[in-house]
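Working notes for the structure below.
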Protein chains: 2
Amino acid sequence: MSIPEYHDSSGRRLVDYPRPSVAVDTAVLTPDPERGLLVLLVRRDSATRSDAWALPGTFLHEGETLAGAVLRSLDQKAGLRGQAPRQLYVFDDPRRDDRGWVLSVAHVVLLPPAVVAPVAEERPDDVQLRPVAEATGLPFDHDGIVEMAVAQVRAAYAERPDPERLLPEPFTLRDLRRLHEAVAGRRLQPDVFRRHVRDHLQSTGEATRGSVGRPAELFRHASR
Amino acid sequence: MSIPEYHDSSGRRLVDYPRPSVAVDTAVLTPDPERGLLVLLVRRDSATRSDAWALPGTFLHEGETLAGAVLRSLDQKAGLRGQAPRQLYVFDDPRRDDRGWVLSVAHVVLLPPAVVAPVAEERPDDVQLRPVAEATGLPFDHDGIVEMAVAQVRAAYAERPDPERLLPEPFTLRDLRRLHEAVAGRRLQPDVFRRHVRDHLQSTGEATRGSVGRPAELFRHASR
DNA sequence: CGAATAGTGTCTTTTAGACAATATTAA
DNA sequence: TTAATATTGTCTAAAAGACACTATTCG
């Protein structure tokens, strides 16, 4: 009969170690057809109405996962219901936060504009959407987080069609291409794009109707 | 005049939150010309001489960076002086460790065999080198860490020549290719490899002497 | 029919890879 | 000279990209 080891390999009890606070900071990105990738910023101190905007974040609560903390912070700070945050990096400089010893785990979440835009419109004093190129001068390590988030999302979308499943199925190749253009931040040739993604998609046999030109074939994702 | 905010945005003091222990676990990889990528394992409980091997790890100490904890753990557990650990992933299941609430930040370190092999030979009871394909059945999330570490290193080496600068300069293309073969785990064609990396290298104008065949040009890395 | 959009044919350029030929040295 | 290794030439196959053409619908 054995009890769990509440000590580390040198015999020191775990509870005797000082422990850091752990925070999460999240770059919520949304692809806008007009302005490319936008990042969501929240006012850092809503009491003072200061001009300091930052990425939403929070401290990790007991028994909570990092993803859970990310989703909670998005709900609290922006009234958003996100999903599937991805880890980017742990910022660990012991002196990065003058409130104490705080590790911050940076995350990225990609959400459809239909979900994010209304929040920014309803609460302009608290929530802002800004093109990623113009999101600089942020506090802490937030400039770097935005950069990593953009790189992560662009790499994922260059790899395969809509990996985050932002588009509701079924969709046309035009819809898919507009989404990818917003993520990439540049125009993509329709024919080249089509051949890029075609093998990963499955035709529904249906087509759009009532639109201006030739009807477009409707697709869904092939796998699964 | 203002004091630092020792509280979070909801007014709760930081110190009032329960905080997790933070650990680091590290996959130390080394490219072996014969056996491909090897991973370093340490005996989990050196007192009992149990057959449980695992990745070296430790708890983060106060005022320490994650990279610092990684290097300290390698020094303590294997007498290794490493450098430049890279973060892979944070494992955050609140119940992953029955000793308590422990977050683990997985890392990867790539070291030259000349540094790692002697350690394993001198302390076979504590330290083991195993081909990555045979490093399964490890405790905690260690199987997954090894997998991520291998993927990370292989991707980096497929991208550019010896990004971790394991080879002392100057080196021949043969030396460089042998290293990349060990990382990739397969043979690479000399001519194809040469054209792949040539643009990233800078000739020293020197050549090897006294070897069997035609002398090989000596190179260094081009950038910087 | 004409405007508008969807989709395909085909050519060029680039890249990766394979294979063979040439180059240079030690023994 | 021969064995051994380094380096380059060249061909083929695959992929990416550009451009023009055909197809189908609405008004």
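Chain letters run A, B, ... following the sequence lines, proteins first and then strands; every chain starts at 1.
- Arg194(A) has its CZ atom 8 Å from the C1' atom of dT8(C), to the nearest Å.
- No donor-acceptor contact under 3.5 angstrom links the side chains of Thr204(A) and Arg220(A), judged on distance only.
- Rounded to an integer number of Å, the gap from CG of Asp199(A) to P of dA15(D) is 11 Å.
- Side-chain atoms of Gln189(B) lie closest to dA18(C) of the nucleotides dT8(C), dA6(C), dA18(C).
- Residue pairs that meet the side chain to side chain donor-acceptor pair (under 3.5 Å) test with at least one member in residues 207-219 of chain A, sequence neighbours left out, are Ser203(A)-Glu217(A).
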Look for any protein N or O under 3.5 Å of an N or O in nucleotides 10-14 of chain D and output each such pair with its distance, or none.
from, atom 1, to, atom 2, distance (Å)
dT10(D), O4, Arg195(B), NH2, 3.4

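- For His196(A), no side-chain nitrogen or oxygen approaches OP1 or OP2 of dA15(D) to under 4.0 Å.
- Leu218(A) CG to Thr172(A) OG1: the interatomic distance, rounded to the nearest 0.5 Å, is 7.0 Å.
- Pairs engaging residues 74-95 of chain A under the ring-ring contact (aromatic ring centres under 6.0 Å, His included) rule: Tyr89(A)-Phe91(A) [sequence neighbours left out].
- Every pair passing ring-ring contact (aromatic ring centres under 6.0 Å, His included) that includes a residue from residues 168-217 of chain B is listed here, sequence neighbours excluded: Tyr157(B)-His180(B), Phe171(B)-His221(B), His180(B)-Phe193(B).
- With sequence neighbours left out, the side chain to side chain donor-acceptor pair (under 3.5 Å) criterion links Arg154(B) to no other residue.
- Heavy atoms of Arg209(B) sit nowhere under 4.0 angstrom from any nucleic acid atom.
- For the pair Glu206(B) CD and dA6(D) P, the computed distance is 17 Å after rounding to whole Å.
- Taking atom CZ of Arg198(A) as the reference point, atom P of dT8(C) lies 8 Å away to the nearest angstrom.
- Leu188(A) has its CG atom 14 Å from the P atom of dA16(D), to the nearest Å.
- One can place CZ of Arg177(B) at 7 Å from P of dA6(D), the figure rounded to the nearest angstrom.
- Applying the side chain to side chain donor-acceptor pair (under 3.5 Å) criterion to Arg194(B), with sequence neighbours excluded, gives no partner residue.
- In this structure, Arg160(B) has no salt bridge (charged side-chain N to carboxylate O under 4.0 Å, His left out) partners at least two apart in sequence or on a different chain.
- Gln152(B) meets the side chain to side chain donor-acceptor pair (under 3.5 Å) test with no other residue; sequence neighbours excluded.
- Residue pairs meeting the side chain to side chain donor-acceptor pair (under 3.5 Å) criterion with at least one member in residues 104-113 of chain B, sequence neighbours excluded, are Asp25(B)-Ser104(B).
- Among residue pairs with one or both ends in residues 125-145 of chain A, those qualifying as ring-ring contact (aromatic ring centres under 6.0 Å, His included) are Phe140(A)-His142(A); sequence neighbours excluded.
- With a cut-off of 3.5 Å on both pairing distances, the Watson-Crick and G-U wobble pairs of DNA chain C assemble into stems of 3 or more at C:1-27 with D:1-27.
- Within residues 210-217 of chain A, the residues having any heavy atom closer than 4.0 Å to DNA chain D are, in order of number, Ser211(A), Val212(A), Gly213(A), Arg214(A), Pro215(A).
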